Amino acid sequence: MRLLQTALAVLALPVMAALVVTGGRAIKGHESTIAVDQIDPDALADPGTETPPDEPATSAIPAPATPQPPVHSRAIDPEVVAPPALSDNELERVEPRAPLSDLALAGPPKPPKTKMPGDWNGTKLFQPVAIAAGLIESKGYAVAVSGVDVVKADETCADEGKSWACGARARTAFRAFLRGRAVACTVPPEGGRDTISAECHIGNQDVGQWLVENGWARAAQGGPYVEAENKARTARKGIFGSVPKLDGLPALPAASDPAPVAPDSILPADGGDVTPPTDQPAPAQ
């Protein structure tokens, strides 16, 4: 029996050695190191004698390290990225720069300046309407001709103790002058709600000059039309003249007789009997 055990131990020795070598190569390929104790052949030959090992065979395997979180970083040169060190003595206070836009200011922005082209000679107002002698309205514009005093439509003038509607007459004459013509006034291309005082021309003719020299407006004090007003007063033109004569106008039609009024009732007012007309037959019995 003892001989049989010895033979089996001798036969198992090469097999175990081959297994150990093969396992060591496999573990070495995975970058791990395992220390294998040498096997004492005498211990295998005599299984009754057992020698306890000094330490377990797996004591040389290192414990698995705790995985560290990945650090996303890159190498930075502190001399290039870091700001240069400055001394307090080298700093100098300067004035703040001007804002890039008016919107950055605390106050309200200034209105935009309207730029006129080099060949601009005024804004044309088509289909002008004379509200009064010297006052024009057209397409959202209200223009008072500069250099003249506007004659209101309800103004009256006196001549030899007689009063006449000179304002309405001046407006009618100004409307006839503007009818079918375009007026060019020195107003911005975009109209506004307020009345604008501006010079106006029709072709080469000055509108203010025409009003004053024909007596349909008075010249403003210190304006360019004072001399023209003096000539109009001397010639008694327009509102400086006499009461217009209406002899040439057709007379008003005479008042006709009033139409007869239909009676409220066909019965006689005294309440008597009504006699049927003789030319009608009597009613049948």
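Numbers for residues simply follow the sequence, beginning at 1. Because the structure is predicted, anything quoted here is derived from the model rather than measured.
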If you measure from CG on D149 to CG on L211, what distance do you get to the nearest 0.5 Å?
11.5 Å
What is the distance from atom CG of L125 to atom CD1 of I202, rounded to the nearest 0.5 Å?
10.5 Å
Side-chain donor/acceptor of D206 to backbone N/O of G208, under 3.5 Å
yes
Give a yes or no on whether I131 and V145 share a hydrophobic cluster (residues Ile, Leu, Val, Met, Phe, Trp, Tyr; joining criterion: side-chain heavy atoms under 4.5 Å apart).
no
Return yes when atom CD of Q127 has more than 12 non-hydrogen atoms of other residues, nucleotides or ligands closer than 6.0 Å, and no otherwise.
no
Relative to F177, does R179 satisfy both conditions: NZ or CZ under 6.0 angstrom from the six-membered ring centre, and within 45 degrees of the ring's axis?
no
Enter the distance from C200:SG to W210:CH2 here, rounded to the nearest 0.5 Å.
13.5 Å
Can you list the steps and then say if R218 with V212 is a side-chain contact (heavy atoms from CB on, under 4.5 Å)?
CA-CA 6 Å; R218 303 178 183 87; V212 176; over 6 Å; no
Would you find a donor on one side and an acceptor on the other, under 3.5 Å apart, between the side chain of S163 and the backbone of A158?
no
Under the side chain to side chain donor-acceptor pair (under 3.5 Å) test, residues paired with R233 that sit two or more places apart
E229
Flag the pair W216 / F174 as yes when their ring centroid distance falls below 6.0 Å, and as no otherwise.
no
Minimum heavy-atom separation for V148 to A217, with atom names?
CB-CB, 4.3 Å
Identified side-chain contact (heavy atoms from CB on, under 4.5 Å) counterpart of E199 within the set V207, V187, T186
T186
Inter-residue atom distance E95.CD - R93.CZ, 0.5 Å rounding
9.5 Å
Output for pair (C185 SG, K124 NZ), nearest 0.5 Å, gives 12.0 Å
CZ of F240 to CG of N214, rounded to nearest 0.5 Å, is 11.0 Å
Are V183 and V150 in one and the same hydrophobic cluster, where Ile, Leu, Val, Met, Phe, Trp and Tyr link if side-chain heavy atoms are under 4.5 Å apart?
no
Is there a path of hydrophobic side-chain contacts, each under 4.5 Å between heavy atoms of I/L/V/M/F/W/Y residues, joining L135 to V129?
yes
Contact summary for S197 and S146, nearest pair of heavy atoms
OG-CB, 3.5 Å
Joining Ile, Leu, Val, Met, Phe, Trp and Tyr whenever any side-chain heavy atoms lie under 4.5 Å apart, the cluster holding W164 also takes in V243
Backbone N/O of A153 and side chain of R171: donor-acceptor pair under 3.5 Å
no
At their closest point, which heavy atom of T156 faces which heavy atom of C166, and how far apart are they?
C-SG, 3.4 Å
For A220 and V226, which heavy atoms make the closest approach, and how far apart are they?
O-CG2, 3.8 Å
Would you name the heavy atoms of K152 and A132 that are closest together and state the gap between them?
CA-CB, 4.4 Å
Return the minimal non-hydrogen interatomic distance between A130 and R175, and the atom names on each side.
O-NE, 2.9 Å
Pair R236 + D159: basic N to acidic O under 4.0 Å:
yes
